[in-house]
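Here's the structure we're looking at; comments come further down.
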Amino acid sequence: MALQFPAFFNTLAHRFNALPAARKMTLAAVVAASLALIIGLYLWSSAPDYKVLFSNLPERDAGAVTATLQQMNVPYKTEANGTLMVPSDQVYDLRFKLAAQGIPKGGAVGFELMDSPKLGMTQFQEQLAFQRGLEGELSRTIQSLASVESARVHLAIPKPSVFIRDKQSPSASVLVKLYSGRALDPGQVQSIVHLVSSSVPELSPNSVTVVDQAGNLLTARNDSQSLSGLNASQLEYTKKMETYYVQRIEAIVAPIVGAGNVKAEVRADLDFSEDEATSESWKPNATPDAQAIRSQQTVEDLNNAGNQAQGVPGALTNQPPGPASAPLIAPPGANAGPSAGAVGQGGNSSRKENTVNFELDKTIRHVKASQGRVKRLSVAVVVNHRAVRDTEGKAAKPTPLSVQEMTQINSLVKEAMGFDQPRGDTVNVVNAAFTEAREELDVPLWKDPDNVALAKDLLKNLIIFGLAFYLVFGVLRPLLRDLMKPAEPLPTVSEGEQGEGGASYGPDGKPMPAALDNYAEILAKVREFAKASPKITAEIAKEWMVKE
């Protein structure tokens, strides 16, 4: 017949009440300690693993985040330096939810200042609020960089003026706080500079200053005018040129000695100076027959003075001559003088001019040298020994290359690099045995972070299971078994089992105690107990009936 729970608890209570007081207290203490330990292990195993949600939060942002977490019923822990910790399985979900609500704001106010304008604000207050909002937005944008923990932007925007001579240019200063162990490369610094200059009207990149938390001026590294040496772009170009020559050399030599058997290094000395020259020259004058005529001018003037007017200048002499008449013959001996209409006779005159301009042999040269010219190349090449195999196909000791092969490789290297001896180029080709690179040992299982974390979880669960198993089967089960152990029935003695002299013997043949020899005496004691304790007697009889 199945054991019923009410009877089970009744029997358990009866057994517990029958125990001595000292044993009752010990059993109660053991049971209470076991239950407390089991509950503690359960709470410890079910406690969430906390991870950092936000760190270095300002007080205002920390208060807003904690208030939001309380509304979401999310457990959290606070630590020093504004650090908030939440269960590890909710970190990213909470970050997304808080970001959707605009929390945290990063300690800087942006254009939300313009969302609720105050009545009666002056123009100066509006301009100041706009400038504060612009500084806050730029700070938030700069903080989005992976290496930047926080940033502050200060803008110096002058008041507009209608006079050109009083016009001033704006300027900006940026303070960035970097994460521990991180730094900004020159490209990132230039990005911050151009980001700020593009956000403020008429702000030149040269007027933006970037400083880190240690007081180092970051923008000075990228100012090519303030540096006497190479800047970042020139160093990068030099590295690209060296890599280009290395690839050419290894590509031409690798087919001969095999891939991985040649290593080359190139040092390029480049000239980044900018030269510009203009020259003008003339060649010596050549003969007229060999020169080109640029221009030619000829002037010819012929004068015929046969019928020119003569006499004293005046009104009468400037008149045209009259009709011709026979000359008057003077009487002999008389002097013949010019008459009023007489015209004198004269000779002819001629003038001729010829001007020839020849082209000059003139040369004008304007030369502008490009930057990054190769001044000198230094090349070092190492070639591995040739791998050989014996007759059985096993790897034998590598052998050096022959002189002829080294000469060929040397010539190929010179051709690949564009060797120029007057320029000062040098080439050094060496044949040597390469040292075999030892394979890096894998990370041991006990050093792998993933395996360590998994082992910790397994050990944690095993400890909990082991303790629980010991408490249940090593402590509680024996105690319950002792309580539930039924009382041993009183041995009965039959007449045939009584020995000589009234002595009784048990099933094993041994004599029973003298107190059990008299059955009538025992029965009398049972009756007295039943009369004195009827309730206990009824419980015993009920138990016997259930067992039957």
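Keep in mind that this is a model prediction, so the values were computed, not measured. Keep in mind that the numbers below use all heavy atoms, side chains included, and drop hydrogens, waters and symmetry copies.
Residues Gln234 and Phe272 come closest through the heavy atom pair O-CZ, 3.7 Å. When all heavy atoms of Ile252 and Ala416 are compared, the pair lying nearest together is CG2-CB, 4.1 Å. Contact record, Leu203 with Pro170: CD1-O, 3.0 Å, taken as the closest heavy-atom pair. The two residues Ala151 and Val176 make their nearest non-hydrogen contact at CB-CG1, 4.2 Å. Taking all atoms of both residues into account, the shortest heavy-atom contact from Gly418 to Arg423 is O-NH2, 3.2 Å. Between Leu94 and Met72 the shortest heavy-atom distance is CD2-SD, 3.9 Å.
A distance of 11.5 Å separates CG of Leu175 from OG1 of Thr209, quoted to the nearest 0.5 Å. In this structure, NZ in Lys414 is found 12.5 Å from CD1 in Ile249, a value given to the nearest 0.5 Å. In this structure, Ile192 CD1 and Leu145 CG are separated by 5.5 Å, a value rounded to the nearest 0.5 Å. Between the CG atom in Leu377 and the OG1 atom in Thr426 there is a gap of 8.5 Å [rounded to 0.5 Å]. Going from atom OG of Ser378 over to atom CE of Met417 covers 8.0 Å, rounded to the nearest 0.5 Å. To the nearest 0.5 angstrom, Leu69 atom CG is 10.5 Å from Lys97 atom NZ.
Judged purely by atom type and a 3.5 angstrom limit, Asn384 uses its side chain to pair as donor or acceptor with the backbone of Phe434. Without hydrogens or angle criteria, Ser198 side chain to Leu195 main chain gives no donor-acceptor distance under 3.5 Å. Although no hydrogens or angles enter the test, the distance criterion places a donor-acceptor pair under 3.5 Å between the side chain of Arg182 and the main chain of Ala146. Between the Gln90 side chain and the Pro87 main chain, no donor and acceptor come within less than 3.5 Å of each other. Between the side chain of Gln168 and the backbone N or O of Pro158, no donor-acceptor pair lies under 3.5 Å.
For Ser150 and Arg152, the side-chain atoms include no donor-acceptor pair closer than 3.5 Å. Side-chain polar atoms of Thr278 and His366 form a donor-acceptor pair below 3.5 angstrom.
Between Asp425 and Arg376, some side-chain heavy-atom pair lies under the 4.5 Å cut-off. Taking the side chain as every heavy atom from C-beta outward, Leu178 and Val148 approach each other to under 4.5 Å. Contact of the Met241 side chain with the Leu270 side chain is registered, since non-hydrogen atoms from C-beta on lie closer than 4.5 Å. Residues Val208 and Thr219 are not in side-chain contact: their nearest non-hydrogen atoms beyond the backbone lie 4.5 Å or more apart. The shortest side-chain heavy-atom distance between Val383 and Ile256 does not fall under the 4.5 Å cut-off. Between Val429 and Met406 there is a side-chain heavy-atom pair separated by less than 4.5 Å. For the pair His385/Leu401, no side-chain contact is recorded, criterion being any heavy-atom separation below 4.5 Å from C-beta on. Counting heavy atoms from C-beta outward, Val196 and Val174 have side chains that approach closer than 4.5 Å.
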* Going through the checks in order, is the salt bridge (charged side-chain N to carboxylate O under 4.0 Å, His left out) test met by Glu250 and Lys263? -> CA-CA 7 Å; Glu250 292 183 350; Lys263 299 294 181 182; 5.6 Å; no

* **Thr78/Leu84 under side-chain contact (heavy atoms from CB on, under 4.5 Å): CA gap, chis, key distance, verdict** => CA-CA 5 Å; Thr78 58; Leu84 288 177; 3.3 Å; yes

* Could you give me the CA-CA distance, side-chain angles and deciding distance for Val65 and Leu98, then say whether side-chain contact (heavy atoms from CB on, under 4.5 Å) is met? => CA-CA 8 Å; Val65 172; Leu98 294 174; 4.0 Å; yes

* To do: Report the C-alpha separation of Tyr76 and Leu53 in whole Å, then their side-chain angles, then the decisive distance to 0.1 Å, and conclude whether the side-chain contact (heavy atoms from CB on, under 4.5 Å) test is met.
  => CA-CA 9 Å; Tyr76 64 90; Leu53 178 65; over 6 Å; no

* Run the side-chain contact (heavy atoms from CB on, under 4.5 Å) check on Val381 and Val262 step by step: do they pass? -> CA-CA 7 Å; Val381 182; Val262 57; 3.8 Å; yes

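Within a 6.0 Å sphere centred on CD of Glu276, other residues, nucleotides and ligands contribute more than 12 heavy atoms. Within 6.0 Å of CD in Gln70 there are more than 12 heavy atoms belonging to other residues, nucleotides or ligands. Annotation for Glu265: atom CD does not count as buried by contact number, only 12 or fewer foreign heavy atoms lying within 6.0 Å.
For Arg140 and Glu137, the salt-bridge test passes: some basic side-chain N is under 4.0 Å from an acidic carboxylate O. With respect to the salt-bridge test (charged N to carboxylate O, under 4.0 angstrom), the residues Glu280 and Arg365 do not qualify. Between Arg373 and Asp271 there is a salt bridge, with a side-chain nitrogen of the basic residue lying less than 4.0 Å from a carboxylate oxygen of the acidic one.
In this structure Ser169 satisfies the side chain to side chain contact (heavy atoms under 4.5 Å, CB included) test with no other residue, sequence neighbours excluded.
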